[in-house]
Every structure is written in C-alpha cells, then in structure tokens.
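Here's the structure, in structure tokens; my notes come after.
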Amino acid sequence: MDTDEAASTLRAWFTGRLPETWFTGPVTIVLDREEIAVLGTLPEPEAESEAEKAAMIDGLIRRFREETRERRIEIASEAERKFRRKVSWGVVCGDETVMFTTLSVPVMTRLRQSERQVLDTLVSAGVARSRSDALAWCVRLVGKHTDTWLSELRDALQHVDRIRAAGPSGMD
C-alpha cells in the first residue's frame, strides 16, 4: 500500500471514530514510519482586530485541547494497537497550526568535520543547545524553505510507488 492509499485508509478510519462536531471538514493525515499525525480544522473566529483574532484562536485551540483530551487518548490508543504507530494530534485554526503531541525520534548520521563545525557554530552562537538540537534546527530550516521542492519530490516518489505496485504485466 502506497502512502496515499495508507493516508486515505487512515483518514477514513479516524473519520469513523471522531465526533462530527470536532472539525469543520475532513481530517488531514500526515504519515511516516513511526507516527500518524491527525490534524483537524477548527472554525476560524471573526474579530475586529488581528490581536483580538489571535487571542480568540489561541483560546479556541486551548479549549479544544482540554475538552477533547480523554476522547483523543481513547481513539489514539485504539489506532496505535491497530496500526502499530504512535498517534499525534494537532489543529489548524486560521493561519495557526498547533500540534499537541508529537514524537521526537532519534536518528543517527555521520558528519564530516566541516558539517560538525556548522553544528558547533550554532551551539556556540546559542541558536541550539547541542549538536542534536542544531541538526534538528537545520532540518526544520531546510524544510521550511524548500516546501514546494519537497512536495514535488514526495509526489514523484508516490508515482514511483504506484508504478512499482502495478509491475510489469504479461510476463510468464
């Protein structure tokens, strides 16, 4: 099953279990090898000023998080048993996206001296507390500035997955 199919299956599974009143539309599923992130959209409040709107959004998100906590935990526990991945939750309201829970998964890499020096510079400058934090900061920065490119790359990989799954036909 490719990533699109898996996300579609998960979206349907979560939609069947989520209260209809929680979100304004279907949830978004973000999937990797370790985690299923479920993001729902809350209704955007109308306000007279940007400051008032920001305060209302903050309040809506905090209230939603508190009021839905028990049910989200129940749904996540069931999903974690069924799909063998951790579940994290988040909401989108206006221009604000807030993740409530996410995994922080260790990864290992080998870096040459010049690459380690970049991380050490970030630590020395106080941008990061450690090489690990500095590397995470670099990954976030690259992801932020190359969103379009990464999206196109993911789309191309999904296309390759579909072609592989179809395989050659007529071979005996």
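This is a predicted model, so every value here is computed, not measured.
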Hits for side-chain contact (heavy atoms from CB on, under 4.5 Å) against Thr21, two or more places apart or cross-chain, chain-then-number order -> Pro19
By side chain to side chain donor-acceptor pair (under 3.5 Å) - contacts of Glu52 (at least two apart)
none
Donor-acceptor contacts under 3.5 Å from residues 61-78 side chains, at least two apart:
residue	atom	partner	partner atom	Å
Arg62	NE	Asp58	OD1	3.2
Arg62	NE	Asp58	OD2	3.0
Arg65	NH2	Phe100	O	3.2
Glu66	OE1	Arg69	NH1	2.8
Glu66	OE2	Arg69	NH1	3.2
Glu66	OE2	Arg69	NH2	3.3
Thr68	OG1	Phe64	O	2.6
Thr68	OG1	Arg72	NE	2.8
Arg71	NH1	Glu74	OE1	3.0
Arg71	NH2	Arg17	O	3.4
Arg72	NH2	Arg65	O	2.9
Ser77	OG	Ile73	O	2.9
Glu78	OE2	Arg17	NE	3.2

Quick one, Thr24 and Leu42 - any side-chain contact, counting heavy atoms below 4.5 Å?
no
Between Arg11 (side chain only) and Val27 (backbone N and O only), is there a donor and an acceptor less than 3.5 Å apart?
yes
Do Trp89 and Thr102 touch side chain to side chain, with heavy atoms closer than 4.5 Å?
no
Establish whether Val92 and Ile57 are linked, either directly or via other cluster members, by ILVMFWY side-chain heavy-atom contacts under 4.5 Å.
no
Please tabulate, one pair per line, all N/O donor-acceptor pairs under 3.5 Å involving side-chain atoms of residues 28-36, not counting sequence neighbours.
residue	atom	partner	partner atom	Å
Asp32	OD1	Glu34	N	2.9
Asp32	OD1	Glu35	N	2.7
Glu35	OE2	Ser88	OG	2.8
Glu35	OE2	Leu103	N	3.1

Out of curiosity, Leu60 CG to Glu96 CD, how far, rounded to the nearest 0.5 Å?
11.5 Å
Is the backbone of Asp155 close enough, under 3.5 Å, to the side chain of Gln158 for a donor and an acceptor to pair up by distance?
no
Distance check, rounded to the nearest 0.5 Å: Thr9 atom OG1 versus Phe83 atom CZ?
7.5 Å
Verdict with supporting geometry, Thr97 and Leu39, side chain to side chain contact (heavy atoms under 4.5 Å, CB included):
CA-CA 9 Å; Thr97 299; Leu39 286 106; 3.7 Å; yes
With a 4.5 Å cut-off on side-chain heavy-atom distances among I, L, V, M, F, W and Y, is there a chain of contacts connecting Val87 to Val98?
yes
Are Cys93 and Pro43 side-chain neighbours, meaning at least one heavy-atom pair lies under 4.5 Å?
no
Using salt bridge (charged side-chain N to carboxylate O under 4.0 Å, His left out), reason through Arg85 and Glu80 one step at a time and then give a plain yes or no.
CA-CA 5 Å; Arg85 292 182 186 162; Glu80 288 169 4; over 6 Å; no
Can you list everything that forms a side-chain contact (heavy atoms from CB on, under 4.5 Å) with Glu152? Sequence neighbours excluded, please.
Thr148
What pairs of donor and acceptor atoms, side-chain ones from residues 121-138 against any protein atom, are under 3.5 angstrom apart with sequence neighbours left out?
residue	atom	partner	partner atom	Å
Thr121	OG1	Gln117	O	2.8
Ser124	OG	Asp120	O	3.0
Arg129	NE	Asp133	OD2	2.8
Arg129	NH2	Asp133	OD2	3.0
Ser130	OG	Ser132	N	3.4
Ser130	OG	Asp133	N	3.1
Arg131	NE	Asp120	OD1	2.7
Arg131	NH2	Asp120	OD1	3.4
Arg131	NH2	Asp120	OD2	2.9

Thinking salt bridges, do Glu48 and Lys53 make one under a 4.0 Å N-O criterion?
no
